[in-house]
2 protein chains.
Amino acid sequence: MTTAADRVSRRQVDKFEERRRLLAEGALQTLSERGYARTSLREIAQNTEFSHGTLHYYFRDKVELIMYCVRRYKAVCVQRYDAIVADAETPEGLAADFAEGLATTCRDDALMHRLWYDLRSQSLFEESFRPDVAEIDESLERMIWRIVGRYAELGGREATCSSALAYATFDGLFQQALLRHLAGSGLALDDLRTGARHLLDHVVCA
Amino acid sequence: MTTAADRVSRRQVDKFEERRRLLAEGALQTLSERGYARTSLREIAQNTEFSHGTLHYYFRDKVELIMYCVRRYKAVCVQRYDAIVADAETPEGLAADFAEGLATTCRDDALMHRLWYDLRSQSLFEESFRPDVAEIDESLERMIWRIVGRYAELGGREATCSSALAYATFDGLFQQALLRHLAGSGLALDDLRTGARHLLDHVVCA
DNA sequence: GAGAATTCTTGACAGTCGTCCAGGACTCCT
DNA sequence: AGGAGTCCTGGACGACTGTCAAGAATTCTC
């Protein structure tokens with residue numbers, strides 16, 4: 001049986017969570033534009049329809065806000081590639097779609113990826129960031145590993161390296177592409193595409 | 001002919017440069033411990049024998065100080081591997097020395113490498129950092145390429161990918177190793193060693 | 001519609017930041 | 001020795017930060 005108090009309580013929790021989501025969305029926008037170090041709570045609040053005090057009503061402190069944002073970022077980020085894995089019918093098709101997916105998100109979501117690398121670097125100094133950052137890193141590694149595994153499977157081959165090594169190299173490739181793309185290099189995305197296909201071929205064998 | 005004024009002037013320039021070097025050394029130390037965002041000029045000065053005002057006597061502003069530090073970092077960082085290239089007589093020896101060199105510097109100079117990745121991320125937001133960061137990145141890429149080229153040469157083989165791709169993958173490998181090593185993983189360095197040898201073999205062919 | 005609970009605003013607080021500058025301390029040359 | 005130039009100190013400035021709390025505004029409940 002649900003009492004009236006229960007219903008009130010649940011509605012409040014929902015509304016509370018919804019506000020947090022809303023605020024985090026705006027915060028993520030501001031963070032991706034200015035970077036972690038340069039973004040203040042007042043600046044975040046200015047890009048929402050609320051005042052800076054509201055942030056402390058919904059989040060204990062700055063770290064909790066940032067971590068909430070990063071967790072949300074993870075949710076949208078990882079599962080974008082699972083459709084590629086599911087739709088692939090040939091290794092060539094998978095490779096092409098994967099390479100194109102990387103290039104597309106490198107272009108369209110450049111600011112968000114930039115923020116991710118910023119926060120991952122910050123986690124090297126700010127210990128409170130590490131658990132969440134590590135968790136996101138691991139889920140990205142699993143995502144890459146699903147791609148590699150499916151690619152090997154479709155071609156009747158087997159992966160020749162560990163999941164960690166595969167992720168490290170693809171991540172390095174992507175980060176370098178992002179760096180050059182944001183610096184204005186027109187070749188960055190093409191190099192990313194060809195590099196991804198090249199790497200994909202080299203982490204599996206006959 | 002050198003006038004007395006010339007001699008005075010040159011001595012002053014030398015002393016001026018020497019002070020800058022000294023201050024930059026301390027600054028680099030503090031930066032590597034605290035990270036770019038958390039390091040203030042006062043904190044840097046406290047780790048030297050001078051007051052915070054002195055920093056503005058030798059450097060125009062914070063950016064100039066940081067950039068001077070980064071340039072010095074480059075000098076020590078890149079050329080550590082050239083001895084490895086020069087000493088190598090067999091491909092196996094080169095691979096072993098290179099892998100060991102990576103693991104050693106990942107352990108011993110972890111804080112400096114952490115700072116490098118921090119600053120490279122900052123350059124994505126702070127445009128004034130980009131030229132110097134790009135220059136260091138390029139010199140690191142050339143360093144990797146010398147390793148790869150020599151490895152291929154010693155084995156009578158040829159590189160199968162671009163210099164950019166080789167650097168991106170090795171950099172990704174190293175960064176991931178640093179991340180895990182600083183997080184306390186005991187496997188990080190071993191994975192780095194085996195990963196490096198694995199990659200080295202996959203960027204060249206018969 | 002009154003009263004209670006919530007959501008939000010506003011201003012203040014104590015710190016810290018980069019920068020600047022007046023002037024003391026020092027070094028060097030004649 | 002003394003004066004000129006160099007080097008360095010320490011305090012002050014205004015701007016900005018995260019945090020907090022008092023109370024206004026809004027929403028909800030009965």
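Residue numbers begin at 1 in each chain, while the letters A, B, ... track the order of the sequences.
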Centroid-centroid under 6.0 Å between Tyr73(B) and Tyr68(B) rings:
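No, they do not, as the ring centres are separated by 6.0 Å or more.
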
Phe170(B) and Phe98(B) aromatic centres sub-6.0 Å
yes

Could you give the [atom1]-to-[atom2] distance, from [X] to [N], as a whole number of Å?
{"X": "Phe50(A)", "N": "dA25(D)", "atom1": "CZ", "atom2": "P", "value": "17 Å"}
{"X": "Leu41(A)", "N": "dT9(C)", "atom1": "CG", "atom2": "P", "value": "15 Å"}
{"X": "Lys62(B)", "N": "dA15(D)", "atom1": "NZ", "atom2": "P", "value": "19 Å"}
{"X": "Leu55(A)", "N": "dT10(C)", "atom1": "CG", "atom2": "P", "value": "14 Å"}
{"X": "Phe59(B)", "N": "dC20(C)", "atom1": "CZ", "atom2": "P", "value": "16 Å"}
{"X": "Glu43(B)", "N": "dG15(C)", "atom1": "CD", "atom2": "P", "value": "17 Å"}
{"X": "Arg19(B)", "N": "dC26(C)", "atom1": "CZ", "atom2": "C1'", "value": "12 Å"}
{"X": "Asp61(A)", "N": "dT17(D)", "atom1": "CG", "atom2": "C1'", "value": "14 Å"}

Using the closest heavy atom to pick a nucleotide of DNA chain C for each, name whichever of Glu49(A) or Arg42(A) lands nearer the 5' end.
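Taking each residue's closest nucleotide, the earlier one in sequence belongs to Glu49(A).
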
Is [X] near enough to [N] that one of its side-chain N or O atoms lies under 4.0 angstrom from OP1 or OP2?
{"X": "Tyr57(B)", "N": "dC8(D)", "result": "no"}
{"X": "His56(A)", "N": "dT19(D)", "result": "yes"}
{"X": "Ser40(A)", "N": "dT17(D)", "result": "yes"}
{"X": "Thr54(B)", "N": "dC8(D)", "result": "no"}

For Trp116(A) against Val133(A), the heavy-atom pair lying closest together:
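Closest pair (atom of Trp116(A), atom of Val133(A), distance): CH2-O, 3.8 Å.
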
Counting distance only, does the side-chain N/O of Arg20(A) pair as donor-acceptor with the main-chain N or O of Tyr58(A) below 3.5 Å?
yes

What's the closest nucleotide to the side chain of [X] if the choices are [options]?
{"X": "Lys15(B)", "options": "dC8(C), dC8(D), dC7(D)", "value": "dC7(D)"}
{"X": "Ser51(B)", "options": "dT27(D), dT19(C), dG10(D)", "value": "dG10(D)"}
{"X": "His52(B)", "options": "dT7(C), dT19(D), dG11(D)", "value": "dG11(D)"}

Would you call Arg34(B) and Asn47(B) a side-chain contact if the rule is heavy atoms closer than 4.5 Å?
no

Classify Tyr58(A) by what it touches in the nucleic acid, base, sugar-phosphate, or nothing, heavy-atom distance under 4.0 Å.
sugar-phosphate

